[in-house]
Novice: 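Just passing along the structure, written as structure tokens.
As the structure is a prediction and not an experimental result, all values here were calculated from the model. Just so we're on the same page: letters track the sequence lines, and every chain starts at 1. The figures here come from the full heavy-atom set of this structure, side chains too, leaving out hydrogens, waters and symmetry mates.
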Amino acid sequence: MPELPEVETVVRSVRPFITDRKIEAAQFTSKWVTPGDMKALARKLIGRKILSIGRRGKYILIQLDEGVLTMHLGMTGKLLVQGSVDEHTHGVFGLSHAKHGEGVLLYHDPRQFGSIEWSPAENPRVTRLGPEPLDISFDEFLARFKGKSGVRKVGMKALLLNQAFLAGLGNIYADESLFAAGIHPLTSAAKIASPRSRARAERLYQAIRAILSRAIEVGGSSISDYVNAEGERGWFQIEHKVYGREGEPCANCGGPIRKVLVAQRGTHFCPRCQKK
DNA sequence: CAGATCACCTGCTTGC
DNA sequence: TGCAAGCAGGTGATCT
């Protein structure tokens with residue numbers, strides 16, 4: 001699902017519909033999305049005013065006049081300001097005086113891998129995240145390659161998927177970034193972090209930023225059913241060079257794009273352009 | 001500690 | 001046609 005660009009798009013599209021509004025009703029129906037006492041959560045939220053909405057990694061942060069509502073969209077989550085409630089709608093928020101729209105916010109998530117949590121202050125899941133890829137310098141990026149016991153030996157694909165390394169990259173943008181930087185997904189982090197690979201590390205840093213920025217510009221990637229809060233699709237999938245393109249010719253060398261399993265995830269790359 | 005494996009849930013596609 | 005297996009944008013618990 002939704003990775004950093006999709007979550008950013010959702011946040012931007014929902015912002016004008018919920019900012020400065022009061023939560024007048026709330027209902028939850030999934031023990032996976034909202035573990036624990038769902039009625040207590042609803043009671044906690046009703047009467048709260050929404051001060052602002054933001055994003056950290058793949059998390060949506062809704063600042064309230066008391067505490068913060070932290071949401072994750074998992075693999076199939078959507079946050080919608082229009083549409084109807086169905087069996088996959090696991091969160092319904094009724095909002096005060098509709099300045100725009102209809103005054104309802106719907107959390108929709110068929111697989112229920114997402115989450116909705118209230119906490120008095122920053123959610124610990126958010127605290128554990130690494131830095132925002134669009135905010136850090138190259139030196140800070142390079143410094144992340146070191147773990148507590150020296151330079152990390154993990155493969156680059158697994159490292160990019162680790163949210164404690166950088167927040168926000170998922171399967172699509174990890175594959176696209178590694179292709180753009182000419183790095184094989186199984187290349188060890190130690191190799192990229194070595195001084196001799198400085199150019200490649202810098203290419204990766206720039207690739208991640210350019211790809212995420214461009215994806216945000218065009219509203220994210222709509223692979224199957226991703227849409228923003230107003231139901232609009234994103235268009236970055238058109239610009240994917242490797243993700244979902246197994247067997248197609250590489251944009252760079254013309255050889256076939258391959259798909260293998262890395263870190264339990266389908267991983268797309270060009271064997272000719274991305275050497276270990 | 002770092003890394004690998006598995007599990008969570010639903011729906012769609014693939015292959016026999 | 002029908003059905004089982006496999007796979008999907010993610011994360012976190014549990015092992016080695």
Novice: Describe, in one word, how the ring planes of A:Phe93 and A:Phe28 are oriented to each other, choosing from parallel (under 30°), tilted (30 to 60°) and perpendicular (over 60°).
Specialist: perpendicular

Novice: Check this for me: A:Arg200, atom CZ, are more than 12 non-hydrogen atoms of other residues, nucleotides or ligands nearer than 6.0 Å?
Specialist: yes

Novice: Name the nucleic acid region contacted by A:Ser221, choosing base, sugar-phosphate or nothing; use a 4.0 angstrom heavy-atom cut-off, strictly under.
Specialist: base

Novice: Work out how far the P atom of C:dT1 is from that of B:dG11, and round it to whole angstrom.
Specialist: 23 Å

Novice: Under 4.0 Å from OP1 or OP2 of B:dA4: is there any side-chain N or O of A:Gln264 that close?
Specialist: no

Novice: Using a strict 4.0 Å threshold on nitrogen-to-oxygen distance, state whether A:Arg144 and A:Glu140 make a salt bridge.
Specialist: no

Novice: Expressed as a whole number of angstroms, how long is the span from A:Gln112:CD to B:dA7:P?
Specialist: 19 Å

Novice: Checking side-chain contact (heavy atoms from CB on, under 4.5 Å) between A:Ile62 and each of A:Ile18, A:Val68, A:Val14, which is the one that passes?
Specialist: A:Ile18

Novice: What distance, rounded to whole Å, do you find between the two P atoms, one in B:dC9 and one in C:dT14?
Specialist: 16 Å

Novice: Please map the stems of DNA chain B, keeping only stretches of three or more Watson-Crick or G-U wobble pairs with both distances under 3.5 angstrom.
Specialist: B:2-8 with C:10-16, B:10-16 with C:2-8

Novice: In whole Å, what is the span from the NE2 atom of A:His108 to the C1' atom of B:dC9?
Specialist: 14 Å

Novice: When we call it a touch if two heavy atoms are under 4.0 Å apart, what does A:Ser188 touch: a base, just sugar-phosphate, or nothing?
Specialist: nothing

Novice: Of the options B:dG3, C:dG10, B:dT5, whose atoms approach the side-chain atoms of A:Arg265 most closely?
Specialist: C:dG10

Novice: Any side-chain N or O of A:Lys146 below 4.0 angstrom from OP1/OP2 of B:dC1?
Specialist: no

Novice: Side-chain N or O of A:Lys58 less than 4.0 angstrom from OP1 or OP2 on C:dT11?
Specialist: yes

Novice: Given A:Asp175, which of A:Lys241, A:Lys157, A:Gln274 fulfils the side-chain hydrogen bond (donor to acceptor under 3.5 Å, both in side chains) condition?
Specialist: A:Lys157

Novice: Measure CG/A:Leu160 against C1'/C:dT11 and give the value in whole Å, please.
Specialist: 17 Å

Novice: Taking CD in A:Gln27 as the centre, count heavy atoms belonging to other residues, nucleotides or ligands within less than 6.0 Å. Is the count above 12?
Specialist: no

Novice: Determine, for A:Glu6 against A:Lys58, whether the closest basic-nitrogen to carboxylate-oxygen distance falls under 4.0 angstrom.
Specialist: no

Novice: Which word best sums up how the rings of A:Tyr243 and A:His268 line up, parallel for under 30°, tilted for 30 to 60°, or perpendicular for over 60°?
Specialist: tilted

Novice: Taking 4.0 Å as the cut-off, does a side-chain nitrogen or oxygen of A:His88 come that near to OP1 or OP2 on B:dG11?
Specialist: yes

Novice: Would the A:His90 and A:Tyr107 ring centres measure less than 6.0 Å apart?
Specialist: no

Novice: If you look at every strand shown and take non-hydrogen atoms under 4.0 Å, does A:Asp175 touch a base, only sugar-phosphate, or nothing?
Specialist: nothing

Novice: Measure the distance from CZ on A:Arg111 to P on C:dG6 and round it to the nearest whole Å.
Specialist: 16 Å

Novice: Rounding to an integer number of Å, can you tell me how far A:Tyr243 OH sits from C:dA8 C1'?
Specialist: 7 Å

Novice: For the side chain of A:Trp32, counting heavy atoms from C-beta on, which of B:dC8, B:dT5, C:dA8 is nearest?
Specialist: B:dC8

Novice: I need the CD-C1' distance between A:Gln237 and C:dA8, as an integer number of Å.
Specialist: 15 Å

Novice: Do NZ/NE/NH1/NH2 and the carboxylate oxygens of A:Arg56 and A:Glu122 come within less than 4.0 Å?
Specialist: no

Novice: Are A:His72 and C:dG10 close enough that a side-chain N or O sits under 4.0 Å from OP1 or OP2?
Specialist: no

Novice: Whole angstrom is fine here: how far is it from CG in A:Asp109 over to C1' in B:dG11?
Specialist: 12 Å

Novice: So A:Lys259, base contact, sugar-phosphate only, or nothing? Heavy-atom distance under 4.0 Å.
Specialist: sugar-phosphate

Novice: Quick one: do A:Glu132 and A:Arg55 satisfy salt bridge (charged side-chain N to carboxylate O under 4.0 Å, His left out)? Show the steps, please.
Specialist: CA-CA 10 Å; A:Glu132 288 290 319; A:Arg55 176 195 61 76; 3.0 Å; yes

Novice: I need the CD-P distance between A:Glu117 and C:dT11, as an integer number of Å.
Specialist: 13 Å

Novice: Using a cutoff of under 3.5 Å, can you pull out all pairs of nitrogen or oxygen atoms linking the protein to nucleotides 12-16 of chain C, with atom names and distances?
Specialist:
| from | atom 1 | to | atom 2 | distance (Å) |
| --- | --- | --- | --- | --- |
| C:dG12 | OP1 | A:Arg125 | NH1 | 2.7 |

